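Working notes, structure below.
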Amino acid sequence: MFSLLRDPQVLRRDVLASLVVFLVALPLCVGVAVASGVPAELGLVTGIVGGIVVGCLPGSSLQVSGPAAGLTVLVYEAVKEFGLGVLGAIVLVSGLLQLLLGAFGLGRWFRAISIAVVQGMLAGIGLVLVLGQVYAMADTPQPSGGIPKLTGLPGLAGEIVSNGTALTAFLVGAGTVAVLVLWPRLPARVRVVPGPLVAVALATGATLLLDLEIARVEVQGLLESVSPPGLEDFGALVGVAAIGTVLAFTLIASAESLFSAAAIDRMHDGPRTDYNKELMAQGVGNTVCGALGALPMTAVIVRSAANVQAGARTSLSRVLHGLWLLLFAALLPAAIGVIPLAALAGVLVHAGCKLMPVRELAPLWREHRGEAVILAVTALAVLVTNLFEGVVLGLLLAVVKTAWEISHLHVDVRKLTGGRLVVSVTGNATFLRLPRIMEQLEALPKDQPIELDLSGLRHVDHACRIALENWALRHHDAETEPVRMVPLPPPARSQG
């Protein structure tokens, strides 16, 4: 990195890229914190740590870390169930687990997670995020749980129509969404300024200019918001629910960061990501965030893509973006307090919609229906239950689908002159296909000689081996020649 920074052109591009990433990160850090039910400054703390601390560590040189919309739902539920102090303990322990996973070289295994499960997880998060933030756009308390949020929409619509304050706030939020949707269609020279910053700035300006009476972000101050977890907070982690939350934070934050790294590697021709080092860097960042009582972090694809597209060449850009966030939080804290909550909710509604792979679903259904089903079931499970249970269900479905697909089996029956039947079984004989195999074999006549050719089997599990041997012994009538078997492949021996 230092050799590249001797080039003034590289240094200039990294500094400019850091400013672009800072402008993208600022409204998202504040918005994610508010949506998570924590002080706005804690989102900035996580962004600062993601830039200055993680930015200096090896792993991926160009992806940028900070609070992510994808963890908003999980953080909100954790804060509601355990409290803000325990959140810091959860994040800290999750960071330590990430460090261990990276140290043991398990980072690359996160790439083995089914993409349908990841897309389903993100789609479910997007659904819950949109449903929750629609209420925030109208300055109305959101119900708890995905289904109550969905069934409460008619009542929300009635509140917006009948309540002038709710209608005003909703229009501010809807205007924010409209700016974000239209921004990519504007000329490139206009889009130099990031869309989220423009949308929030316009909403804030309109609110001040028209003196609108809607809720704004509450400001506590950076140092006042930092609250390290105490010993009693760590003591609360002994329960099953808390342990499940820690595991969910660890696995989801790790998977999202490493999938982001893979996506960013495709966008540039610089050094490739070392997945184990990147996982350890994320672990260090989350450990620090937990010690400060801040939000968990992941690598964020929106900021990372903005960093690459702005021309960054080294990790200096992401370190500087963290420095700009620190200077803003220290020198201009009052600027956060004029931002309307409805505008931040609009930013997150837009972000939630982008998490749902609507365009990819139809092609996926045409080409890989099983993957599309896994995606949809995972998303609905996240909405109906919670993030952890939804992801576990998706992973189980992916494993079952894979096991079913690799256990393909074909039974072919042909008759030789003289009446002998030759039954050839090819493929993989597993317990999943055992009912089908036995139905076909038991339907064969019991008064004709049969040769069972199993030489075409690539794999035979124990259940199938015993069932086939028993069928061969018992199938024929007493006066008929016993079934002749071409020997089964020998069972695999364990190496010990």
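Small disclaimer: the values here were computed from a predicted structure and weren't measured.
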[atom1]-[atom2] distance between [X] and [Y], expressed to the nearest 0.5 angstrom:
X: Thr378; Y: Leu393; atom1: OG1; atom2: CG; value: 6.5 Å
X: Leu327; Y: Leu332; atom1: CG; atom2: CG; value: 9.5 Å
X: Leu171; Y: Met137; atom1: CG; atom2: CE; value: 8.5 Å
X: Ile160; Y: Phe170; atom1: CD1; atom2: CZ; value: 4.5 Å
X: Gln282; Y: Thr250; atom1: CD; atom2: OG1; value: 12.0 Å
X: Leu99; Y: Met280; atom1: CG; atom2: CE; value: 5.5 Å

Residue pair [X] / [Y], side-chain heavy-atom distance below 4.5 Å:
X: Cys353; Y: His350; value: no
X: Leu131; Y: Leu383; value: yes
X: Thr314; Y: Ser61; value: no
X: Val130; Y: Met356; value: yes
X: Ile48; Y: Leu323; value: no
X: Tyr76; Y: Gln142; value: yes
X: Val284; Y: Val54; value: no
X: Leu156; Y: Leu153; value: yes

Please name the pair of heavy atoms, one in [X] and one in [Y], separated by the smallest distance, quoted to 0.1 Å.
X: Val190; Y: Trp183; answer: O-CZ2, 3.4 Å
X: Leu84; Y: Pro39; answer: CD2-CD, 4.0 Å
X: Tyr135; Y: Gly152; answer: OH-C, 3.0 Å
X: Gly285; Y: Val49; answer: O-CG1, 3.7 Å
X: Arg303; Y: Val21; answer: O-CG2, 4.0 Å
X: Leu180; Y: Pro184; answer: O-CD, 3.2 Å

For Leu326 and Leu222: C-alpha separation, side-chain torsions, deciding distance, then whether side chain to side chain contact (heavy atoms under 4.5 Å, CB included) applies. CA-CA 9 Å; Leu326 176 60; Leu222 193 64; 4.2 Å; yes
Modelled atom types, side-chain donor and acceptor of [X] and [Y], under 3.5 Å:
X: Gln98; Y: Ser254; value: yes
X: Gln63; Y: Asn307; value: no
X: Asn286; Y: Ser94; value: no

[X] side-chain N/O to [Y] backbone N/O, donor-acceptor pair under 3.5 Å:
X: Ser257; Y: Ala299; result: yes
X: Arg13; Y: Ala312; result: no
X: Asp233; Y: Gly230; result: yes
X: Lys149; Y: Gly132; result: no
X: Ser317; Y: Arg313; result: no
X: Asp139; Y: Ala166; result: no
X: Arg185; Y: Val181; result: yes

Applying side chain to side chain contact (heavy atoms under 4.5 Å, CB included) to Leu237 and Phe82, what does each step give before you reach the verdict? CA-CA 9 Å; Leu237 300 184; Phe82 304 109; over 6 Å; no
Residues, nucleotides or ligands: over 12 heavy atoms within 6.0 Å of [X] [atom1]:
X: Leu231; atom1: CG; answer: no
X: Glu218; atom1: CD; answer: no
X: Arg12; atom1: CZ; answer: no
X: Lys401; atom1: NZ; answer: yes

Does the side chain to side chain contact (heavy atoms under 4.5 Å, CB included) test come out yes or no for Arg216 and Leu341, once each step is laid out? CA-CA 5 Å; Arg216 296 184 172 91; Leu341 291 177; 5.8 Å; no
Start with the C-alpha distance between Ile374 and Val117, add both sets of side-chain angles, then the distance that settles side chain to side chain contact (heavy atoms under 4.5 Å, CB included), and finish with yes or no. CA-CA 6 Å; Ile374 291 172; Val117 175; 3.8 Å; yes
Pick one: which of Leu44, Leu42, Val200 meets side chain to side chain contact (heavy atoms under 4.5 Å, CB included) with Val30? Leu44
Show me the pairs that pass side chain to side chain donor-acceptor pair (under 3.5 Å) and involve residues 34-59, at least two apart or across chains.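 For residues 34-59: Glu41-Ser225.
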